[in-house]
Amino acid sequence: MSVTITPSILSADFTRLGEEIGRIGNADWVHVDIMDGHFVPNLSFGPAIVEAARGVTDKPFDVHLMIEEPETWVERYAKAGADTIIFHVEAAADPHALVARIRELGARAAFSVKPKTPIEDYLDLAREADQVLVMSVEPGFGGQAFMPEQLSKVETLDRLRRAEGLDLTIEIDGGISADTIGQAAAAGVDSFVAGSAVYGAPDPNAAIDELRRLAEAARAR
Ligand code: DX5
Ligand code: ZN
């Protein structure tokens, strides 16, 4: 899989979200962080905002549900226009059933693990999913420092998919910048979520291009 750059609109200026999505034309996907104030100690937006944003871009939406009871909500997010729906295993009652349900709804099925959650407990789930999101910060806020030790999870997943020929996308989220993207790419990441590194830059598209260049260079090595 080629390098996928996935800016997070959590770091965008919400007073003009439509224009902000227009400023990331060089991105591959758009990452949408849904926070409920319970699973994580912060609130962001809900399905109405996803639906509104859906009207301003054709780019795939990578919807990251940092919410309790994700099974109650996946249908709403699928209808709002999510292309990939990512739930947290720590919040799901039956992760295997939820992967199947997301597929039934016509979306790509993904799950995420928080930094303290071991990936070894979810290798069977990875065999069924389209994508795994490895959190490289505690979920809840943009702008936190990258946790390099989380890359061992990426390496485990990369070994698994190579050994078994799985069509699995590995994504990382949290603290990705020009300083950290190379190590993540070398470990096996395909999709790089970046919030502050893209929207904090004077020219978001130039930041996206630079992140892509660094990821491709690290992979080629
Ligand atoms: C954190 C979110 C991230 C966040 C990343 O809980 O899941 O997607 O937007 O922001 P940066 O790239 O600034 O760490
Ligand atoms: Zn996220």
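Not measured: the values here are computed from a predicted model. In listed order, ligands and their atoms are each counted from 1. One is the number of the first residue; the rest follow in order along the sequence. When reading the values below, keep in mind they use all heavy atoms of this one structure, side chains included, and skip hydrogens, waters and symmetry mates.
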Whether F45 and F14 hold their rings parallel, tilted or perpendicular, with breakpoints at 30° and 60°: perpendicular

Do any N or O atoms from the side chain of K79 and from the backbone of P47 form a donor-acceptor pair under 3.5 angstrom? no

What lies under 2.8 Å from the Zn ion (ligand 2), restricted to protein N/O/S atoms, is H31 NE2, D33 OD1, H64 ND1, D173 OD2

Residues with a heavy atom under 4.0 Å from ligand 1, by chain and number, are S8, L10, H31, D33, M35, H64, M66, M135, P139, G140, F141, G142, G143, D173, G174, G175, V193, A194, G195, S196

Please check: side-chain N/O of T156 versus main-chain N/O of S152, any donor-acceptor pairing under 3.5 Å? yes

is_close_aromatic(F39, H88), centroid dist under 6.0 Å: yes

Would the distance check show the side chain of R54 and the main-chain N or O of T57 forming a donor-acceptor pair, the cut-off being under 3.5 Å? yes

Provide the closest heavy-atom pair for P41 versus P139 in the form atom of the first, atom of the second, distance. CD-O, 4.5 Å

Please enumerate all residues that pass side chain to side chain donor-acceptor pair (under 3.5 Å) together with E216, with sequence neighbours excluded. none

Taking S11 for the side chain and S196 for the main chain, is one N or O donor matched with an acceptor at less than 3.5 Å? yes

Starting from V137, walk the hydrophobic network (Ile, Leu, Val, Met, Phe, Trp, Tyr; side-chain heavy atoms closer than 4.5 Å) and list everyone else you reach, by chain and number. I86, L133, M135

